[in-house]
Amino acid sequence: MKKTILVMGLLSSVSLLSHAHTAHQLCDVSPQQLGAVYQFTQGVKHYDMKLWRYNGKVAQVISQPAITNQWNKTVSGSQRLVQYFDHYQRGIEYQPQRANDAQWQRHTQLITEQLLTQLTADEVVGTGCQQAVKYHGKIGDNQYQVTWLPQLQLLKYYQQSNAKQTLTIELTRLIADQATISQQFNRQHDYQLIDFADIGDNESDPFWAKMINMGYVTQSAGGFYQADGREIK
Amino acid sequence: MGYSKKLLSVAVPSLLALAVSASLQADVLPQSQKNSAWFVDGQQQVKDNVTLATKTRAKNVILFVGDGMGISTLTAARILKGQRAGNLGEEGYLSFEKFQYSALVKTYNVDAQTPDSAGTMTAMMSGIKTDAGVVGVAAGVERGKCSTIKGNEVVTALQLAEIKGLATGVVSTARITHATPAATYASSVERNWEDISDMPEGTSDCQDIALQLVNFERNLEQRFSGVDVDGIDVVMGGGRRHFLPKDKAANSLDAVSEIEGDRTDGLNLVTQWQTQYPQGNYVMDQQGFDAIDTETTTKLFGLFNESHMQYEADRSNDIAGEPSLSEMTEKAIKILDNNDKGYFLSVESGRIDHAHHAGNAYNALNDTIEFAKAVQFAIDNTDPSETLILVTADHSHVFTIAGYPKRGNPILGKVVGIGNTEPSKDANGKPYTTVGYTNGLGFHDLNNETNADAVYDLDPVSGRADISDVDTTTPGYHQEALVPLGSETHAGEDITLHAQGPGAQMVQGVMEQNMVFHIINQALALTEK
């Protein structure tokens with residue numbers, strides 16, 4: 001599908017955000033170090049997910065259940081996941097995985113840039129750090145509407161709908177405060193961690209036994225979660 | 001001799017009659033039977049066993065432990081090994097399966113019908129069974145309660161070998177502080193206390209496992225007045241995180257975490273080891289490993305991964321490079337055999353267990369084949385008249401070989417029955433694999449993914465999958481499981497013990513797992529004055 005861009009004029013980025021962010025504030029946010037609060041809506045269900053980027057690491061935090069998935073890249077370029085169970089102050093360290101850019105983009109941006117290339121960019125709002133691009137398109141049975149903040153490499157709005165369901169993801173708040181952001185990556189330092197490979201040998205620990213018997217709250221390939229923490233298919 | 005002439009006069013004709021009878025009986029056998037390879041091979045094995053004259057005292061003992069290597073794993077691995085060599089597979093042997101002596105071993109822990117590695121390896125190293133989850137301590141302790149350790153610490157075969165003046169070594173593809181290797185040198189009421197950050201408050205009277213490894217010489221000398229030992233001579237495995245401080249500055253070249261070390265006491269046990277043994281060599285990658293001169297090296301400390309070492313199939317993907325289990329075994333034997341008094345060496349293939357937990361037969365079998373290769377090196381490079389080689393597992397897994405596949409059917413493939421070319425179908429019309437699991441994460445098709453643990457990113461799968469168009473022989477295929485669990489579990493049936501060398505004749509019948517220690521003790525006379 002040929003991508004067409006319609007420049008609709010200079011609209012303030014402030015209007016693109018649900019909460020009061022001035023253009024100045026938006027431009028103060030670093031794409032490498034930020035916090036972004038999203039609201040997920042699927043049918044009558046709503047829940048929040050926070051996306052954090054800091055020093056090359058990325059974390060996705062959901063509150064129900066309280067789970068933080070944190071990824072970093074190793075020196076070889078592999079991607080490594082640590083999954084924290086915040087209520088229990090426990091975590092699982094996973095073996096680094098060979099992964100492509102698209103998978104890293106799912107962690108850091110929630111969507112891949114490949115998806116954007118498959119959609120039609122039909123409206124550019126604002127310029128520079130305030131710019132937002134609106135996309136739409138249909139892939140298979142799914143209809144997409146996306147608003148993308150290219151300067152921050154950040155999703156502002158996403159809607160995926162088909163005959164069965166509609167999923168909406170909306171950016172509700174941006175966080176630029178460095179202390180708040182770094183705290184998100186430091187708070188788990190004292191958690192009790194276990195290597196993924198060792199869980200099967202720890203059935204006597206009630207917490208890990210529950211994991212063995214009930215299955216894990218999984219890492220999400222797409223970064224989208226249901227209210228129970230499972231990936232949206 | 002006290003035989004009477006009368007008795008002899010009766011006996012001689014009887015013996016003649018027996019010989020004639022035997023000759024006649026032999027003639028009864030048709031040529032097709034007598035000349036069959038099955039018949040000839042079996043007859044030769046019996047003749048070999050008749051002439052065995054095994055000594056009871058050994059100079060050296062090597063204990064090989066395949067973690068989670070149950071009998072079905074041995075069977076499937078030997079078939080896979082044979083099929084990779086272009087054979088049908090079933091007729092072959094893993095290296096240690098050719099040993100003349102073997103036994104079935106009961107693996108249960110004092111408090112568990114289905115055991116874990118901590119309790120089982122403690123039994124093999126100390127001669128007493130203990131609870132699951134504890135390392136190098138008797139069952140009198142309460143797991144995780146530091147105050148209960150006093151008076152319950154065992155003395156291990158490796159410690160006794162040290163005291164006797166033998167060279168000693170511990171090798172594993174798991175973290176070297178993991179339960180199995182730890183049970184050779186440490187005492188801990190919790191297997192997970194691999195470094196101080198794993199220990200809760202109120203445990204200051206207990207030492208973490210990594211610290212016990214580095215302090216091994218000092219601790220043993222303090223424990224027994226007048227004892228003078230020189231420390232473990234060869235230590236190789238994974239688990240650097242437990243030896244390094246939680247400080248980015250201490251990271252190794254191939255760290256995968258932002259901060260590799262976990263220690264919260266500020267200690268760098270690698271540099272501490274180097275200070276204690278200035279003549280020793282610390283290595284952390286393939287290049288450093290390859291540079292070790294086994295004729296001049298007296299102390300070797302190798303930590304090749306932040307956590308467990310790689311699966312054999314995944315080894316080439318390691319950032320800094322890792323030696324294989326057989327390479328580490330070779331290096332260890334060549335260093336330890338420089339000691340004229342002899343040596344005790346423990347070698348563990350730690351990741352057979354992990355692949356099974358992930359429900360991935362490919363890596364479990366592939367690592368078992370590498371394990372057998374390591375044993376083969378020991379067979380080829382030691383004198384069977386002076387070295388007792390013991391090969392065993394610590395426990396089994398719920399791994400099964402099922403259906404009625406025809407001879408030579410790919411062991412990782414779908415069941416194809418005798419006389420058929422198409423896979424057999426279940427009651428729902430779906431094909432099924434020969435190997436599978438009773439529980440675990442179940443079916444996942446990860447194609448050529450060589451890291452079995454990639455499956456932990458995915459949900460458990462229950463129910464039958466349609467595998468009609470799936471290549472189930474790829475490294476990334478995860479077999480179906482009946483009971484959906486987040487991790488496949490250990491199994492409680494017996495495992496095997498195989499033996500060659502002086503004292504091997506003690507390995508017969510069905511035995512308790514703690515007997516392994518007593519066989520080592522007898523062979524090396526560890527507790528004799």
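Worth knowing before you read on, the calculation uses all heavy atoms, side chains too, and leaves out hydrogens, waters and symmetry mates. Order of the sequence lines sets the chain letters (A, B, ...), proteins ahead of strands, with each chain counted from 1.
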How many angstroms lie between [atom1] in [X] and [atom2] in [Y], if you round to the nearest 0.5 Å?
X	Y	atom1	atom2	value
A/I199	B/L485	CD1	CG	12.5 Å
A/F196	B/H357	CZ	NE2	12.0 Å
A/D195	B/S307	CG	OG	3.5 Å
A/D198	B/R175	CG	CZ	4.0 Å
A/H189	B/I259	NE2	CD1	5.0 Å
B/E194	A/I194	CD	CD1	9.0 Å

Does the B/D198 side chain pair with the main chain of A/L193, one donor and one acceptor, at a distance under 3.5 Å? no
Does any heavy atom of chain B fall under 4.5 Å from the side chain of A/K73, the backbone, both, or neither of them? neither
So among A/T74, A/N72, A/V75, which one has a side-chain contact (heavy atoms from CB on, under 4.5 Å) with B/V256? A/T74
Identify the residues of residues 239-249 of chain B whose heavy atoms come closer than 4.5 Å to a heavy atom of chain A, ordered by number, or report 'none'. B/R241, B/K246
Taking every non-hydrogen atom, the tightest pair across A/G200 and B/S487: CA-OG, 3.4 Å
With a sphere of 6.0 Å drawn around CG of A/N186, does it hold more than 12 non-hydrogen atoms of other residues, nucleotides or ligands? yes
Could you tell me whether A/D141 atom CG has more than 12 heavy atoms of other residues or ligands within 6.0 Å of it? no
Measure [X] against the heavy atoms of chain A and call it side chain, backbone, both or neither at under 4.5 Å.
X	answer
B/A255	backbone
B/D353	side chain
B/T264	neither
B/D314	side chain
B/H356	neither

Against chain A, work out which of B/D254, B/N317, B/N439 has the most heavy-atom pairs shorter than 4.5 Å and name it. B/N317
Ranking B/G133, B/A179, B/S257, B/S117 by heavy-atom pairs under 4.5 Å to chain A gives rank one to B/S257
Do A/D201 and B/H178 come close enough that some side-chain heavy atom pair is under 4.5 Å? yes
